[in-house]
Amino acid sequence: MHRQFQHDLYKLRLTTARNFAEALQKKMMPVSSNNFAPLKLSANVQGLGPMFRLSIEVMNTSASNPIIGAYVVLVTNDSLYVLEKSYISLPLLVPSLTYTFNTMVRCTNEQGVTDSINVFVYVKGKCSPVLTAMIDMPASEAIIL
């Protein structure tokens, strides 16, 4: 019984390490592992639907280097959601300050189908995103006329 427990614990640790390495490789972490642009990203969805407010917070975690030329790209299923802004240009990101950006999201599906919104943070001069996040949207309330 103890040997089986040790074996299961070993498999759990191995699976956790593999998933963590995959998340680092795909940049699916809320904190950037890039020394060029050390950023932290968090997002909130507010509302009951069909209109939601998506709040995105970006923070420069560098000790002394500001970041210039960063932008956020939002990607979603166009048949389910309509985004007010799918591109947000970020101002000069001063270290240790949190910047909040809001956009409205309208659910166009009346059957209660949900999907996710992908958030990509890019810095000019880099072809791959610095940060990537996936936001699971809540189920929308029925549209009442």
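Just so it is clear, the structure is predicted and the values come from calculations on it, not from any experiment.
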CA sep, side-chain torsions, deciding dist, call: Leu83, Ile117, side-chain contact (heavy atoms from CB on, under 4.5 Å): CA-CA 10 Å; Leu83 296 169; Ile117 295 177; 4.1 Å; yes

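- For Val113, the side-chain contact (heavy atoms from CB on, under 4.5 Å) test picks out Leu80, Asn109, Gln111, with sequence neighbours left out.
- Of all non-hydrogen atoms in Asp136 and Ser116, the two that sit nearest each other are OD1-CB, 3.6 Å.
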Taking distance alone, no hydrogens or angles, what donor-acceptor pairs closer than 3.5 Å link side-chain atoms of residues 8-16 to residues at least two apart or in another chain?
from  : atom 1 : to    : atom 2 : distance (Å)
Asp8  : OD1    : Gln4  : NE2    : 3.1
Thr15 : OG1    : Lys11 : O      : 2.8
Thr16 : OG1    : Leu12 : O      : 2.8

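- Sorted by first and then second residue, the pairs that involve residues 60-110 and meet ring-ring contact (aromatic ring centres under 6.0 Å, His included), not counting sequence neighbours, are Tyr71-Tyr87, Tyr71-Tyr122.
- Residue Val45 is not grouped with residue Met51 when hydrophobic side chains (ILVMFWY) are merged at heavy-atom distances under 4.5 angstrom, including chains of intermediate members.
- Counting heavy atoms from C-beta on, the side chains of Val58 and Thr98 never come closer than 4.5 Å.
- Nearest heavy atom pair, residue Met137 against residue Val105, reads CE-CG1, 4.0 Å.
- Cluster membership check: Ile88 shares its hydrophobic cluster with Ile135, using side-chain heavy-atom separations under 4.5 Å among Ile, Leu, Val, Met, Phe, Trp and Tyr.
- Under the 4.5 Å side-chain heavy-atom criterion for Ile, Leu, Val, Met, Phe, Trp and Tyr, Leu97 and Leu39 are members of the same hydrophobic cluster.
- With sequence neighbours excluded, the residues forming a side chain to side chain donor-acceptor pair (under 3.5 Å) with Glu57 are Ser42, listed by chain and number.
- Scored by the side-chain contact (heavy atoms from CB on, under 4.5 Å) test, Leu92 finds Pro66, Ile68, Val94 as partners (sequence neighbours excluded).
- Between Lys85 atom NZ and Leu54 atom CG the span is 10.5 Å, to the nearest 0.5 Å.
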Stepwise side-chain contact (heavy atoms from CB on, under 4.5 Å) test for Asn118 and Leu74: CA-CA 6 Å; Asn118 295 322; Leu74 303 168; over 6 Å; no

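- The side-chain contact (heavy atoms from CB on, under 4.5 Å) check on Arg53 picks up Gln46, Ser55, Asn102, Met104, with sequence neighbours excluded.
- Thr61 contributes atom OG1, which lies 11.5 Å from atom CG of Leu41 (distance to the nearest 0.5 angstrom).
- Shown here are the side chain to side chain donor-acceptor pair (under 3.5 Å) partners of Asp115, two or more places apart in sequence or in another chain: there are none.
- The closest donor-acceptor contact from the side chain of Thr108 to the backbone of Ser79 lies under 3.5 Å.
- Applying the side-chain contact (heavy atoms from CB on, under 4.5 Å) rule to Ser62 yields the partners Pro38, Asn60, Asn65; only residues at least two apart in sequence or on another chain are considered.
- Shortest non-hydrogen contact noted between Phe52 and Cys107 is CE1-CB, 4.3 Å.
- Taking Ile, Leu, Val, Met, Phe, Trp and Tyr as hydrophobic and joining them when side-chain heavy atoms fall under 4.5 Å apart, one finds Met59 isolated, its cluster having no other members.
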